[in-house]
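First comes the structure, then the notes that go with it.
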Number of protein chains: 2
Amino acid sequence: MNSRALTIGHLARETGTKVETIRFYEKSGLLPAPARTEGNYRSYDRAHLNRLSFVRRARDLGFSLDQVRALLALSDDRDQSCAAVDAIAKEHRSEVERKIADLQSLKKELDRMIDHCGCGVVADCRIIESLSPDGRT
Amino acid sequence: MNSRALTIGHLARETGTKVETIRFYEKSGLLPAPARTEGNYRSYDRAHLNRLSFVRRARDLGFSLDQVRALLALSDDRDQSCAAVDAIAKEHRSEVERKIADLQSLKKELDRMIDHCGCGVVADCRIIESLSPDGRT
DNA sequence: TCTTGACCCTATAGTCACTACAGACTGTAG
DNA sequence: CTACAGTCTGTAGTGACTATAGGGTCAAGA
């Protein structure tokens, strides 16, 4: 194996990804299948490393694998307008905003439930009560 | 089937749950297996309806099925201290708080990416750039 | 009585994004 | 030569459902 070739383990350490996940990305078409050594080990280069870093960064930002696939396809087509990229990012941002709003109203309900808990017996528990069909607040 | 007995379809409509989900809850031990009619249809009563409503409400509040199982067990034991219930709710609340914080910092990054997008060509796209390994901002 | 159509049954597989095995092979250091 | 770390393929498991296939049941209308 030449000096610039990377094993799957190297790639994993460099990118903070599990080995299984890299193989999973390959099977899912996010990473191209690399060359193999004589012993049938995967042999990666810098381009693979860059591509995997891109995938990981996008995943960290919460893009779905489908969105990552789309972003990769777009990033490969350097002359295309970047409006499509912008659209994916904005769609994702509004999903995130919606989730934040949902979780905030959820938290308010949990706060209310917990504040009312006198911590006596379950029979008088306001948390259980507010979960039950006839005690909605 | 007597007048107070409910089919799975009734239960589904009353609680806004899909029929398949009710069967799934039964298989998962969240709902007791109901009596069957001669034709092998599930036959539910008010107690089932209440229990399913409890489950749905707890799920709406984001409790996991495991947490719901625990809450159900506790709610059945009316004489026990409600401290355990309080603990589950509080644990869940801190999970929710953590998720909100995570999503908020995520949103900030997305905002920054999107704000910088000049919407020209992909080659100059700041979104793609900030996803790529050597353009981390 | 027959038929239509809504409803129900079980069992199985698919979703998402991995993660965890089992069982075998390869490569390297002592 | 032997240990042991690393890699290979393939399969199954996670959570919380959802969807489908291939059947059976029930009530109403012709």
Side-chain angles (χ1 to χ4, degrees), chain A residues 1-3 5-31 33-44 48 52 54-72 91-92 95-96 99 102 106, chain B residues 1-3 5-31 33-44 48 52 54-72 91-92 95-96 99 102 106:
Chain A
M1 200 178 271
N2 83 49
S3 66
L6 300 160
T7 66
I8 197 168
H10 288 126
L11 211 61
R13 273 187 294 278
E14 290 265 323
T15 58
T17 314
K18 298 207 172 178
V19 166
E20 294 85 354
T21 305
I22 298 177
R23 289 197 280 250
F24 166 77
Y25 285 164
E26 180 183 326
K27 217 169 43 182
S28 318
L30 283 158
L31 289 180
R36 297 291 181 124
T37 65
E38 281 183 11
N40 199 33
Y41 282 19
R42 286 171 178 80
S43 177
Y44 296 98
H48 290 103
L52 179 55
F54 185 102
V55 172
R56 293 304 292 178
R57 173 110 179 103
R59 291 285 306 128
D60 283 348
L61 288 170
F63 288 95
S64 72
L65 290 193
D66 264 356
Q67 288 174 321
V68 177
R69 249 183 291 269
L71 289 171
L72 278 170
E91 195 205 309
H92 179 45
E95 273 168 43
V96 169
K99 275 187 202 162
D102 285 355
L106 192 60
Chain B
M1 203 176 271
N2 84 48
S3 66
L6 299 160
T7 67
I8 198 169
H10 287 125
L11 211 61
R13 273 187 295 279
E14 291 265 323
T15 58
T17 313
K18 297 208 175 178
V19 166
E20 292 85 355
T21 305
I22 297 177
R23 288 197 280 249
F24 166 77
Y25 285 165
E26 180 183 325
K27 216 168 44 181
S28 319
L30 282 158
L31 289 178
R36 297 291 181 123
T37 66
E38 281 183 12
N40 199 33
Y41 282 21
R42 285 172 179 80
S43 178
Y44 296 98
H48 290 102
L52 179 54
F54 185 103
V55 172
R56 293 304 292 176
R57 174 112 179 102
R59 292 287 303 129
D60 283 349
L61 288 171
F63 289 95
S64 71
L65 290 193
D66 266 356
Q67 287 175 320
V68 176
R69 249 183 291 270
L71 288 171
L72 279 169
E91 194 204 310
H92 180 44
E95 274 168 43
V96 169
K99 275 188 200 161
D102 285 355
L106 194 58

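Computation of the quantities below employed the complete heavy-atom set of this structure, encompassing side-chain atoms and omitting hydrogens, waters and symmetry-equivalent molecules. By convention in this document, chain letters (A, B, ...) are assigned in the order of the sequence lines, proteins followed by strands, and residues within each chain are numbered from 1.
- For residues 15-30 of chain A, the set of pairs meeting the salt bridge (Lys or Arg N to Asp or Glu O under 4.0 Å) definition, not counting sequence neighbours, comprises A:E26-A:R42.
- In this structure, A:L30 atom CG and C:dC16 atom P are separated by 12 Å, rounded to whole Å.
- Comparing D:dC8, C:dC8, D:dT18 by their nearest atom to the side chain of B:I8 picks out C:dC8.
- The CG atom of B:L61 sits 15 Å away from the P atom of D:dA16 (whole-angstrom rounding).
- For B:R42, the side-chain atoms get nearest to C:dC9 when compared with the rest of C:dC9, C:dT19, D:dT7.
- Summarising the geometry, the separation between CD1 on B:I22 and P on C:dT10 is reported as 13 Å, rounded to the nearest angstrom.
- Taking only distance into account, the side chain of A:Y41 meets the base of C:dT26 through a donor-acceptor pair shorter than 3.5 Å.
- Checking D:dA16, D:dT11, C:dT19 against every side-chain atom of B:F24, the shortest atom distance belongs to D:dA16.
- In this model, the phosphate group of C:dC18 is approached by a side-chain N or O of A:Y25 to a distance below 4.0 Å at OP1 or OP2.
- Contact between the side-chain N/O atoms of A:T37 and the OP1/OP2 oxygens of C:dT26 is not found at any separation under 4.0 Å.
- Between the C1' atom of C:dC8 and the NE2 atom of B:H10 lies a distance of 12 Å, rounded to the nearest Å.
- Counting only distance, with no hydrogens or angles, the side chain of A:Q67 and the backbone of A:S64 share a donor-acceptor pair below 3.5 Å.
- In this structure, CD of A:E20 is placed 18 Å from C1' of C:dC16, rounded to the nearest angstrom.
- Side chain of A:T21 to backbone of A:T17: no donor-acceptor contact under 3.5 angstrom is found.
- If B:L65 and A:G9 are placed on DNA chain D by their nearest nucleotide, the residue sitting closer to the 5' end is A:G9.
- Atom pair A:E38:CD and D:dT7:P shows a separation of 17 Å (rounding to whole Å applied).
- The residue B:R23 sits close to a base: some heavy atom pair falls under 4.0 Å.
- In terms of modelled atom types and a separation under 3.5 Å, the side chain of A:R56 and the main chain of A:D60 share no donor-acceptor contact.
- One interatomic measurement links the two molecules: NZ of B:K27 to C1' of C:dA13, which rounds to 11 Å at whole-angstrom precision.
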List the steps and the verdict of side-chain contact (heavy atoms from CB on, under 4.5 Å) for A:H48 and A:L31. CA-CA 7 Å; A:H48 290 103; A:L31 289 180; 5.6 Å; no

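- Between A:K18 and C:dA20, a side-chain N or O to OP1/OP2 separation shorter than 4.0 Å is present.
- In this structure, B:E26 atom CD and D:dA16 atom P are separated by 18 Å, rounded to whole Å.
- Using a 4.0 Å heavy-atom distance criterion, A:R13 is classed as making no nucleic acid contact.
- At a threshold of 4.0 angstrom between heavy atoms, the contacts of A:F63 with the nucleic acid are absent.
- OP1 or OP2 of C:dT10 has at least one side-chain nitrogen or oxygen of B:R36 nearer than 4.0 Å.
- In this structure a side-chain-to-backbone donor-acceptor pair under 3.5 Å is missing from B:S28 to B:L30.
- Residue B:T7 places no side-chain N or O under 4.0 Å from the OP1 or OP2 atom of C:dC7.
- Closest approach to the B:N40 side chain among D:dT9, C:dC9, D:dT18 is made by C:dC9 (side chain taken as heavy atoms from C-beta onward).
- Using a 4.0 Å heavy-atom cutoff across all strands shown, B:S64 reaches sugar-phosphate atoms only and no base atom.
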